[in-house]
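Below you'll find the structure, written out as structure tokens, and then a few comments.
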Amino acid sequence: MRGIGPLLLALWLSPSATGGQDRPAAADFPVFANVAETLGVTLENVAGGVPKDYIVQSLGNGAAFLDHDEDGDVDLLIVNGSTMEDYSGGGHPMAALYENDGERFRDVTADAGIDARGWGVGVCAADYDNDGRTDVYLTAYGANVLYRNDAGSAFTDVTGTAGVGDPRWSTNCAFGDYDRDGHVDLYVANYVEFDPETIPRRGEIERCRYMGAPVFCGPLDLPGARDTLYRNNGDGTFTDVTAEAGVGDGLLYGLGTVFGDFDNDGWPDIYVANDAVPNFLFRNNRDGTFLETGLISGTAMNEEGAVQSGMGVGIGDYDGDGDFDIFVTNFARDTNTLYRNEGNLSFRDVTPLSGMGAVSRRYLGWGTGFADLDNDGRLDVFVANGHVYPEVDGADIGQTYAQRKEVYRNLGGGRFEEQALQPGDDLAAPQPARGAAFGDYDNDGDIDVVAVNIDAPPNLYRNDGGHGNNWIAFRLEGVESNRDAIGARVEVDAGGATQVREVRSGGSYLSHNDMRIHFGLGAARQVDAVRIRWPSGGSEALTTLGVNRFVTVREGRGVVETGP
């Protein structure tokens, strides 16, 4: 714990100071009800089954909140894996698409043409061809798939034409306009070179053990796979520019990735969480190339200089200073990591000081995100947990395969308190969770969460309480910028405070969030000012907006639609 004195160390280790697992949560924080089965979200995830003999069976899948039919109700896509036996015969359906009719979700996968089979892994979404409809990219163990949205309800597989069918084991993906030409580009993280014909099965070699139990081998026993950056050519095709752009350095183990403007220069950078090796932060040089700055920025390892096992990534300005901070989930018996952005692309690991360290050591984190869950104007943090080794259930080591979620309430002043053990809160129920996505599926003004469980049905957590405070949400439409305005920066002044958000595609772990920009406003009864910096470089200002509504802003034209 370099640089931390004995008193601060004691505070970090104290459950009462950190929101420890047995501390009762604040009564005014919302609880979350799992309504997946009730609302018709019933996909039984397939991810290799149990036992887990190979690492490909362990990483699970992601999900996406997206409005595929542009009706104002956020729909839900859940990615699905396969088994070793079935994959050799073509695999399982790679995804299920659930259409939101305002009351329930209806499985429209077949009608929508989402028919690829294989071993699905992750998902990201964006209007890559700027036609006003949200397209979908699925990553996979095997060839990835790009679905073009042709009519709001029908998708066409255009992978071959677009040139983005990476055949390796891909994990997270994210769209972002790194060259600001008005067309979103695509970053794909890849994990390991996996061949079951040459990789030892669980129990076949002595060194593949965890806490004495034989487990599957990897990742360090396996060769890593280089990531890929695809430049959007603007004509429906993409070009692999990984080498010339200077990204994807090293044959490492990429899991989480996201575009974000970390130095506030108007150009999107790229962050990659790597498993068991240092993380990457690629600074955008504004000339089509990037410089890897993970080590010098302080985001490659934790404050002790130790390499961690980066899984999921959340980006947000949790301390309200106008810079985007980074939260990374990690392996059990280690902490998740909160990197505070100090400006000038310099970060500090503030995990112990924030109160987010001690609790997380008991769990293995995956999907995550910053979201204002109680609409008080401060970004909270959600973490989906679950172990990779089913064998831990038979060992007396204080860990389980199924694990509860963590929710950290932002108390202000850089401090968080863990909240997920409130009475009646379904987040406390242990699940073997992986991906998580965030969005307001019921349009009631608070952020809901979907979590994908490995070899089990998903959880759809309805937020019951965040709408007690006021809020506002923005849907941005680019004109000179890319249609989704991915990369736009939005600042809101309300109640004497300024908040900042950014439009992003992808993130969390293998997942994609609702791209509407949501602000909790606390008791503020109006928004005093809004400043938008568009990806094209242009800016726009709005004044005096009402609260508790969705607002659509079109680049250069201001507010074009509002709703309750």
Note to self: For a salt bridge (Lys or Arg N to Asp or Glu O under 4.0 Å) check, start with the C-alpha distance between Asp221 and Arg207, then their side-chain angles and the critical distance, and finish with the verdict.
What the structure shows: CA-CA 9 Å; Asp221 302 277; Arg207 73 174 181 272; 2.7 Å; yes

Note to self: Walk me through whether Thr299 and Phe262 qualify under side chain to side chain contact (heavy atoms under 4.5 Å, CB included).
What the structure shows: CA-CA 11 Å; Thr299 59; Phe262 297 109; over 6 Å; no

Item checked: Passing candidate, side chain to side chain contact (heavy atoms under 4.5 Å, CB included) with Phe280, options Leu252, Val247, Thr257 -> Leu252

Any chance you could measure [X], atom [atom1], to [Y], atom [atom2], to the nearest 0.5 Å?
{"X": "Ile55", "Y": "Ile199", "atom1": "CD1", "atom2": "CD1", "value": "8.5 Å"}
{"X": "Arg489", "Y": "Phe324", "atom1": "CZ", "atom2": "CZ", "value": "5.0 Å"}
{"X": "Tyr509", "Y": "Thr171", "atom1": "OH", "atom2": "OG1", "value": "7.0 Å"}
{"X": "Asp334", "Y": "Leu364", "atom1": "CG", "atom2": "CG", "value": "9.5 Å"}
{"X": "Leu373", "Y": "Asp380", "atom1": "CG", "atom2": "CG", "value": "4.5 Å"}
{"X": "Tyr141", "Y": "Arg168", "atom1": "OH", "atom2": "CZ", "value": "14.0 Å"}

Check: Using the ring of each side chain (for Trp, its six-membered ring), is Trp169 parallel, tilted or perpendicular to Phe194, with breaks at 30° and 60°?
Finding: perpendicular

Does [X] use its side chain to pair, donor to acceptor, with the backbone of [Y] at less than 3.5 Å?
{"X": "Asp177", "Y": "Val184", "value": "no"}
{"X": "Glu244", "Y": "Val241", "value": "no"}
{"X": "Arg516", "Y": "Gly439", "value": "no"}
{"X": "Arg340", "Y": "Val350", "value": "no"}
{"X": "Asn453", "Y": "Gln431", "value": "no"}
{"X": "Thr139", "Y": "Gly122", "value": "yes"}
{"X": "Asp179", "Y": "Gly288", "value": "no"}
{"X": "Ser508", "Y": "Thr368", "value": "yes"}
{"X": "Asn80", "Y": "Val46", "value": "yes"}
{"X": "Thr351", "Y": "Met356", "value": "no"}

Does the side chain of [Y] come within less than 4.5 Å of [X]'s, by heavy atoms?
{"X": "Asp135", "Y": "Asp127", "result": "yes"}
{"X": "Arg333", "Y": "Gln399", "result": "yes"}
{"X": "Val121", "Y": "Leu510", "result": "yes"}
{"X": "Arg434", "Y": "Val79", "result": "no"}
{"X": "Val503", "Y": "Trp534", "result": "no"}
{"X": "Ile454", "Y": "Lys52", "result": "yes"}
{"X": "Ser170", "Y": "Asn190", "result": "yes"}
{"X": "Gln403", "Y": "Val392", "result": "no"}

For [X] versus [Y], what's the shortest heavy-atom pair and its separation?
{"X": "Leu345", "Y": "Thr293", "value": "CD2-OG1, 3.7 Å"}
{"X": "Gly310", "Y": "Asn279", "value": "CA-OD1, 4.3 Å"}
{"X": "Asn385", "Y": "Gly365", "value": "OD1-CA, 3.2 Å"}
{"X": "Asp321", "Y": "Asp319", "value": "OD1-OD1, 3.0 Å"}
{"X": "Ala437", "Y": "Ala63", "value": "CB-O, 3.7 Å"}
{"X": "Val359", "Y": "Arg404", "value": "CG1-NH2, 4.1 Å"}

Notebook entry, point to check: Do other residues, nucleotides or ligands put more than 12 heavy atoms under 6.0 Å from Asn344 CG?
Noted result: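 No.
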
Note to self: Other residues, nucleotides and ligands only: do more than 12 of their heavy atoms fall within 6.0 Å of CG on Asp287?
What the structure shows: yes

Checklist line | From CA spacing to verdict: side chain to side chain contact (heavy atoms under 4.5 Å, CB included), Val136, Leu66 | finding: CA-CA 9 Å; Val136 173; Leu66 71 163; 3.6 Å; yes

Notebook entry, point to check: For Phe259 and Ile486, what are the C-alpha separation, side-chain angles and deciding distance, and is it a side chain to side chain contact (heavy atoms under 4.5 Å, CB included)?
Noted result: CA-CA 9 Å; Phe259 283 91; Ile486 293 171; 5.9 Å; no

Margin query: Check this for me, if you would: do Arg286 and Asp265 make a salt bridge, where the nitrogen-to-carboxylate-oxygen distance has to be below 4.0 angstrom?
Written below: yes

Next item on the list: Could you tell me whether Glu418 and Arg362 make a salt bridge, using a distance below 4.0 angstrom between a side-chain N and a carboxylate O?
Entry: no

Next item on the list: Examine Tyr128 together with Phe238 and report whether their ring centres are nearer than 6.0 Å.
Entry: yes

Checklist line | Ring centre gap for Tyr187 and Tyr178 strictly below 6.0 Å | finding: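 Here the rings of Tyr178 and Tyr187 have centres that are no less than 6.0 Å from each other.
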
Next item on the list: Could you walk me through whether Asp261 and Arg533 pass side chain to side chain contact (heavy atoms under 4.5 Å, CB included), step by step?
Entry: CA-CA 12 Å; Asp261 184 4; Arg533 187 179 66 196; 2.8 Å; yes

Item checked: Set of ring-ring contact (aromatic ring centres under 6.0 Å, His included) partners for Phe327, sequence neighbours left out -> none

Note to self: Just to verify, what does Tyr389 make a ring-ring contact (aromatic ring centres under 6.0 Å, His included) with, not counting sequence neighbours?
What the structure shows: Tyr210, Phe216, His387

Item checked: Of Phe416, Tyr339, Tyr408, the residue whose pairing with Tyr318 passes ring pair (Phe, Tyr, Trp, His ring centres under 6.0 Å) ->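 Per the ring pair (Phe, Tyr, Trp, His ring centres under 6.0 Å) rule, the option paired with Tyr318 is Phe416, out of Phe416, Tyr339, Tyr408.
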
Check: For Asn330 and Thr337, does a side-chain donor sit closer than 3.5 Å to a side-chain acceptor?
Finding: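 Side-chain D/A pair, Asn330 to Thr337: present.
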
